[in-house]
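Residue numbers count from 1 along this sequence.
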Amino acid sequence: MAELRKLAALACALLLAACGGGVAEPDRKDPASVARAFVEAFNAKDLQRMLPLNDAVNIEAIAAALTDGVGSPAYDAIFDPYMVEVLAAEAGKVEGPRYDDGDAIVKVAATERGDVYTIVLAKGEDDEWAIVAHTMMGRAQFEALPETPPEK
């Protein structure tokens, strides 16, 4: 029954996300645009806008948060207070992308210690970028990544 509720919530959320609101859609061919849209949705705590920006694994976590609601473990795992503070500090300013193999790495925030919070995106078969991971790395490590994607 819980799986059915999650699937129903996911279907409703995807339908609502597809219908749009007043928010401009990101350019899915540009990883920085996808990352910026994610941060804007995250800062607004708008799970429905976050859904279509992610891969299947992350969509499941977001769908669980939508189903279970504010204050649930699934919701709190996404909106950890420390991460809310870190991502709000730069309010959608992104840096990058940098590249690691075929993945695009976009800096979306920095900590007081000098670490950077990054979003990792992968290009799908449709040549559109989707978020596959969130990572913390040192600024020097991020800056050492190439600014151009590897040649195919």
Side-chain angles (χ1 to χ4, degrees), residues 1-98 100 102-139 141-142 145:
M1 185 66 150
E3 287 300 315
L4 186 56
R5 281 191 330 185
K6 284 183 183 178
L7 287 174
L10 176 60
C12 288
L14 287 173
L15 180 61
L16 287 171
C19 293
V23 180
E25 289 294 313
D27 177 358
R28 297 298 303 257
K29 305 287 185 186
D30 174 16
S33 179
V34 175
R36 187 175 298 104
F38 175 84
V39 173
E40 290 168 359
F42 182 92
N43 285 338
K45 294 189 176 171
D46 189 339
L47 291 165
Q48 292 174 344
R49 279 181 36 212
M50 291 166 52
L51 263 176
L53 305 174
N54 289 273
D55 70 344
V57 172
N58 289 312
I59 283 176
E60 287 181 22
I62 295 168
L66 275 166
T67 301
D68 299 345
V70 175
S72 68
Y75 185 92
D76 292 344
I78 292 172
F79 296 111
D80 173 76
Y82 177 71
M83 292 313 303
V84 168
E85 180 182 325
V86 167
L87 286 173
E90 294 189 36
K93 178 182 171 193
V94 301
E95 184 180 324
R98 305 287 180 130
D100 185 16
D103 293 338
I105 316 292
V106 179
K107 173 194 165 277
V108 295
T111 68
E112 291 179 6
R113 295 185 316 236
D115 294 326
V116 295
Y117 184 70
T118 63
I119 294 177
V120 180
L121 301 100
K123 191 182 282 190
E125 291 179 12
D126 55 3
D127 283 335
E128 292 188 350
W129 293 95
I131 298 168
V132 296
H134 304 259
T135 63
M136 193 71 80
M137 64 176 57
R139 175 164 277 291
Q141 181 184 4
F142 174 74
L145 293 170

Original post:
Between I105 and M137, is a side-chain contact (heavy atoms from CB on, under 4.5 Å) present by the stated rule, with each step listed?
Top reply: CA-CA 11 Å; I105 316 292; M137 64 176 57; 4.2 Å; yes
Original post:
Below 4.5 Å, heavy atoms only, C-beta onward: do L87 and N43 meet side chain to side chain?
Top reply: yes
**OP:** Answer whether the closest heavy-atom distance between the side chains of L51 and L66 falls below 4.5 Å.
**Re:** yes
Original post:
Side chains of K123 and E128: closer than 4.5 Å at any heavy-atom pair?
Top reply: no
Original post:
Would F42 and H134 count as a close aromatic pair, with their ring centres under 6.0 Å?
Top reply: no
Subject >> From CG (L121) to CZ (F38), nearest 0.5 Å >> reply: 10.0 Å
**OP:** Could you pull out the closest heavy-atom pair between P31 and W129, with the gap in Å?
**Re:** CD-NE1, 3.3 Å
Original post:
Can you check whether I78 reaches M50 side chain to side chain, under 4.5 Å on heavy atoms?
Top reply: yes
**OP:** State, to 0.1 Å, how close V34 and D27 come at their nearest heavy-atom pair, and which atoms those are.
**Re:** CG2-O, 3.9 Å
Subject >> Heavy-atom pair with the smallest gap, counting every atom of R49 and A44 >> reply: NH1-CB, 4.3 Å
Original post:
What pair of heavy atoms forms the shortest contact from A130 to N54, and how long is it?
Top reply: CB-C, 4.1 Å
Original post:
Which atom names give the shortest non-hydrogen contact between A35 and V108, and what distance separates them?
Top reply: CB-CG1, 4.1 Å
Original post:
Can you tell if the side chain of Y82 reaches within under 4.5 Å of the side chain of T111, non-hydrogen atoms only?
Top reply: yes
Original post:
Closest heavy-atom contact between L53 and P26?
Top reply: CD2-CG, 3.6 Å
**OP:** For atom NZ of K93, decide whether the heavy atoms of other residues, nucleotides or ligands shown that lie under 6.0 angstrom number more than 12.
**Re:** no
Original post:
F79 versus V70: any side-chain heavy-atom pair under 4.5 Å?
Top reply: no
**OP:** Determine whether T118 and R98 make a side-chain contact, defined as any pair of heavy atoms from C-beta on separated by less than 4.5 Å.
**Re:** no
